[in-house]
Number of protein chains: 2
Amino acid sequence: MTATTQPLAAAHGVGRALRPTGKVLPEHARAHNRSLVLAHLFHTGHASRADIARSTGLTRVTVSGLVAELIAEGLVEELGVRVEGKVGKPATLVGMRTEAFQIVAVDLTDDAHLRGAVMTLVGAVVARRSVALEGRTGQAATDLLESLCRDLLAVATRPVIGVGIASPGVIDVDGTVVQAPNRGWYDLPLAADLTESLGVPVHVANDANTRALGEFTYGSAAGSGCMVLTIGEGVGAGIVVDGALVLGRHHAAGEIGHVTVVDGDARDEPPLDCACGRSGCLETVLSVPALRRRTAGLSTEDSDAALASVGRLLGIALAPVVSALDLAEVLLSGPPELLDGALRESALATVRARTMPVIGHGLALRMGSLDEDGALAGAAVLVLSGQLGVS
Amino acid sequence: MTATTQPLAAAHGVGRALRPTGKVLPEHARAHNRSLVLAHLFHTGHASRADIARSTGLTRVTVSGLVAELIAEGLVEELGVRVEGKVGKPATLVGMRTEAFQIVAVDLTDDAHLRGAVMTLVGAVVARRSVALEGRTGQAATDLLESLCRDLLAVATRPVIGVGIASPGVIDVDGTVVQAPNRGWYDLPLAADLTESLGVPVHVANDANTRALGEFTYGSAAGSGCMVLTIGEGVGAGIVVDGALVLGRHHAAGEIGHVTVVDGDARDEPPLDCACGRSGCLETVLSVPALRRRTAGLSTEDSDAALASVGRLLGIALAPVVSALDLAEVLLSGPPELLDGALRESALATVRARTMPVIGHGLALRMGSLDEDGALAGAAVLVLSGQLGVS
DNA sequence: TCACGTTTGTTAGTAGACCTTCCTTACAAA
DNA sequence: TTTGTAAGGAAGGTCTACTAACAAACGTGA
């Protein structure tokens with residue numbers, strides 16, 4: 001038993017805030033509760049004011065007030081009386097007017113084309129437009145993107161509540177593109193610039209993160225912890241942990257494509273050079289071009305063996321991440337003929353073999369439930385979340 | 001250019017909430033702002049009401065009200081007039097009464113002893129107590145813990161605002177021990193039970209997570225993303241991402257000790273059997289006993305080589321995690337004579353070699369700045385955070 | 001058939017929280 | 001002594017959500 005009086009830090013001025021916090025005003029509380037009501041209607045489809053009151057914990061009076069405000073803005077409408085015969089006064093249902101507004105979403109994942117769509121608030125595609133990039137970068141690429149957005153805004157048949165853009169590269173929370181080498185964008189405040197020029201709120205986020213958002217909101221991703229691995233020209237990931245997207249120190253979280261997975265001293269295969277200047281990166285074996293090269297001309301059996309060996313490498317890289325974050329799911333997004341077979345099974349078996357049973361046993365590793373529109377859907381979620389607080 | 005009308009989900013009832021949200025009342029806003037004021041005083045040491053108003057964004061009137069409330073509760077006191085001569089009425093400084101209250105912290109990391117301390121609000125140890133566990137588990141261990149807490153509460157010279165406990169095992173957000181095999185605890189509502197029997201608020205969290213909190217608040221950990229790797233009998237980790245502790249699906253995040261790092265086909269060393277029933281786990285090479293066995297009787301040179309080879313294995317396991325989360329720092333907590341040398345340098349070099357330059361280059365991998373009291377300090381932070389909203 | 005209980009949604013009044021505006025106090029500089 | 005600046009507090013207003021009470025609408029059971 002000893003007693004010391006040495007403090008762990010000076011008597012004053014210790015530490016720093018765990019989470020950047022700001023003041024909260026009553027009006028912020030109201031905005032939060034308003035989003036709560038709207039989100040409930042978004043997720044359940046329709047409900048009575050009393051239903052909403054019960055599930056949010058607010059009183060019927062407060063909910064009535066919020067619903068009235070939402071109806072006045074045109075976001076919500078009364079749907080008539082509930083038909084189910086129960087005792088008491090029948091409820092008048094209200095629902096979100098998901099067809100009354102539209103969202104413009106753009107996916108910049110592809111190096112050759114800008115793909116965009118007009119969507120309803122529930123993610124249904126109303127119209128599509130795409131333009132060839134034809135090698136444009138920098139300002140020329142920005143101009144082309146802006147004109148695509150204008151086209152889409154013109155095609156929309158309802159008021160557009162915002163534009164969502166999924167872009168490759170490192171993008172901060174304000175929608176500034178810190179760097180996107182393939183587009184020649186560096187420190188470009190894309191969201192702010194387009195919001196200014198288009199006159200509509202614009203939200204921009206990384207394409208892998210966006211895809212994770214899309215899977216999460218419209219797909220089947222688990223909220224308690226999941227990772228969406230996007231496999232295309234490159235390999236990227238978006239990670240949702242404890243219900244929130246992981247951003248990282250440089251907003252570069254999920255950049256898992258350039259982790260070394262093939263060592264120089266490996267017996268079975270030599271490391272391949274990577275575009276990043278190093279060699280043996282995950283991208284050199286798992287990207288779609290790499291997988292196609294690897295399986296080209298092989299018999300089904302040999303092809304499966306090749307895919308399984310890539311799956312094993314993926315599993316080795318995933319195991320520490322899955323363990324450290326206690327993830328519930330890993331979703332793969334990309335060509336199913338390459339991914340959804342020997343590769344996926346081998347990766348899952350590898351992760352299970354290399355992690356604690358409690359972690360690996362319940363883990364799901366499967367294909368994402370959205371197709372190539374995943375990034376578009378996620379871009380729409382950016383707008384829903386940013387403009388309406390719904391997600 | 002095509003147009004489809006197929007929705008990504010049914011017109012109603014899509015998705016689920018991104019983050020579990022609840023209603024926010026004006027009184028919650030006040031509690032938040034109160035914590036904001038207190039946290040400012042905790043971090044800066046002392047300030048005038050006007051200073052606080054400027055840095056929080058609240059008005060002087062509101063801050064005065066909150067400060068008056070805090071003074072009435074005895075948490076804050078006036079410190080006299082600021083001496084620096086500037087124009088205008090001199091400011092009366094206020095500060096948190098960090099010596100007026102105490103915290104009881106207990107560290108259950110050790111398998112043989114329960115270690116506890118009475119601490120001030122800034123983490124200075126006022127008194128220590130420890131008791132030998134002597135093999136007790138289950139209810140006997142709980143009883144011993146409770147009596148240690150009572151001893152510490154009796155030793156405290158000031159009112160105790162709460163008890164913080166750092167325990168090994170899987171622990172949920174309510175302080176229920178889901179499982180802690182070494183203590184024989186399963187589904188034990190430890191925080192609730194002790195709060196009831198001691199009559200003081202009790203907070204319980206995993207010891208690795210707690211240590212991360214301690215490093216974060218009193219130490220030098222980076223808030224934007226860091227991982228504190230605790231190396232003792234076993235290997236565990238606490239991870240702070242985007243300013244919040246990662247919990248994971250089963251509240252088992254950070255359980256990185258049982259990731260396989262030694263393969264069966266490795267040329268240089270065979271995988272060792274692990275207590276978890278598998279083999280080749282990180283813990284079989286990185287735990288303190290394993291490191292001591294490995295370096296016992298070796299010359300300095302050979303010992304460094306052995307430690308470097310373990311560091312390389314650690315680096316291989318860390319690289320995917322660092323990349324996926326874009327971590328700024330990895331801190332090691334454990335015996336410096338084993339960790340802070342060839343092992344650390346080799347691990348850092350390995351991580352840098354196996355990740356993108358933008359990720360690995362700025363990464364710091366160093367020893368935690370707190371010693372063996374790290375878990376105690378973190379337990380104190382649990383109380384500060386839970387009772388006062390300060391962290 | 002009809003009183004009764006149940007449920008819904010609204011109106012009225014209350015309490016809390018913050019803001020803006022204005023005032024007093026206190027000091028330094030001219 | 002005058003002037004300008006800054007701190008702190010008091011008064012009044014706005015916003016938010018709550019409780020209490022009530023009317024409307026419906027099923028149920030005597």
Side-chain angles (χ1 to χ4, degrees), chain A residues 21-38 40-41 44 46-73 76-95 389, chain B residues 21-38 40-41 44 46-73 76-95 389:
Chain A
T21 49
K23 64 175 174 179
V24 171
L25 273 47
E27 66 208 70
H28 298 149
R30 181 162 179 91
H32 176 94
N33 290 337
R34 199 190 94 120
S35 291
L36 215 57
V37 170
L38 201 54
H40 185 78
L41 290 177
T44 65
H46 52 79
S48 73
R49 294 168 176 85
D51 291 335
I52 299 170
R54 271 186 294 269
S55 64
T56 58
L58 297 165
T59 60
R60 293 198 305 273
V61 180
T62 304
V63 171
S64 282
L66 291 168
V67 167
E69 183 182 308
L70 290 167
I71 288 177
E73 292 175 31
V76 166
E77 64 188 340
E78 294 204 340
L79 299 171
V81 179
R82 176 181 280 152
V83 291
E84 309 152 29
K86 288 199 302 184
V87 298
K89 176 180 172 180
T92 55
L93 296 174
V94 294
Chain B
T21 49
K23 63 175 173 178
V24 171
L25 273 48
E27 66 209 68
H28 299 150
R30 182 161 179 91
H32 175 95
N33 291 337
R34 198 189 95 118
S35 291
L36 214 57
V37 170
L38 201 54
H40 185 79
L41 290 177
T44 65
H46 52 78
S48 73
R49 293 168 175 84
D51 290 337
I52 299 170
R54 273 186 291 269
S55 66
T56 58
L58 297 165
T59 61
R60 293 199 306 272
V61 179
T62 304
V63 171
S64 283
L66 292 168
V67 167
E69 184 182 309
L70 290 167
I71 288 177
E73 292 174 31
V76 166
E77 63 188 342
E78 294 203 340
L79 299 172
V81 178
R82 177 181 279 152
V83 290
E84 309 152 29
K86 287 198 301 184
V87 297
K89 177 179 173 179
T92 55
L93 296 175
V94 294

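Note on naming: letters A, B, ... go to the chains in the order of the sequence lines (proteins, then strands), and numbering restarts at 1 for each one. FYI, side chains are in, hydrogens and waters are out, and symmetry mates aren't considered; it's all heavy atoms of this structure. Owing to the predicted nature of the structure, the values given are computational and were not obtained by experimental measurement.
There is no side-chain donor-acceptor pair under 3.5 Å between His40(A) and Thr56(A).
A straight line from CG of Leu66(A) to P of dT16(D) spans 9 Å, rounded to a whole angstrom. For the pair Leu93(A) CG and dT8(C) P, the computed distance is 11 Å after rounding to whole Å. Rounded to whole Å, the distance from CD1 on Ile52(A) to C1' on dT7(C) is 16 Å. Separating the CG atom of Asp51(B) from the P atom of dA6(D) is a distance of 12 Å, rounded to the nearest angstrom. Atom CG of Leu25(A) and atom P of dG16(C) are 19 Å apart (whole Å). The CD-P distance, from Glu69(B) to dC18(C), rounds to 9 Å in whole Å.
Remark: Thr62(A) is not in phosphate contact with dT16(D), judged by side-chain N or O atoms under 4.0 Å from OP1 or OP2. Using a 4.0 Å cut-off, no side-chain N or O of Ser64(B) falls inside it from OP1 or OP2 of dA7(D). Contact annotation: Arg54(B) reaches the phosphate of dA7(D) (side-chain N/O to OP1 or OP2, under 4.0 Å). Regarding contacts with the backbone of dG16(C), every side-chain N or O of Arg30(B) stays at 4.0 angstrom or more from both OP1 and OP2.
With DNA chain C read from its 5' end, the first of the two nearest nucleotides for Val81(B) and Asn33(B) is the one closest to Asn33(B). The residue among Glu78(A) and Val24(A) whose nearest nucleotide of DNA chain C is located toward the 5' end is Glu78(A). Residue-to-nucleotide proximity on DNA chain D shows that, of Arg34(A) and Pro90(A), the 5′-proximal contact is made by Arg34(A). Ranked by how close their nearest DNA chain D nucleotide is to the 5' end, Val61(B) and Glu27(A) are led by Val61(B).
Nearest to the side chain of Ala91(A), among dT8(C), dC19(C), dT16(D), sits dT8(C). In the set dG9(C), dC18(D), dT16(D), the nucleotide with an atom closest to the side chain of Thr59(A) is dC18(D). Set against dG9(D), dC18(D), dG9(C), the side chain of Ser48(A) has dG9(C) as its closest nucleotide. Nearest nucleotide to the side chain of Leu58(B), out of dT8(C), dG8(D), dC19(C): dC19(C). Nearest nucleotide to the side chain of Lys23(A), out of dT10(C), dC18(C), dC19(C): dC19(C). Between dT21(C), dT16(D), dG8(D), one nucleotide has an atom nearer to the side chain of Pro26(A) than all others, and that is dT16(D). Closest approach to the Lys89(B) side chain among dA20(D), dC18(C), dT25(C) is made by dT25(C) (side chain taken as heavy atoms from C-beta onward).
Looking at heavy-atom distances under 4.0 Å, Arg60(A) makes contact with a base.
Inter-residue side-chain proximity for Thr62(B) and Asn33(B) is flagged as unmet; no heavy-atom pair is nearer than 4.5 Å. Using a 4.5 Å heavy-atom threshold, the side chains of Leu93(A) and Glu78(A) count as separate.
Of the possible polar contacts, one joining the Ser64(B) side chain to the Arg60(B) backbone as a donor-acceptor pair under 3.5 Å is found.
Closest of all the heavy-atom pairs between Arg49(A) and Val94(A) is NH1-CG1, 3.9 Å.
For Arg34(B) and Glu27(B), the salt-bridge test fails: no basic side-chain N is under 4.0 Å from an acidic carboxylate O.
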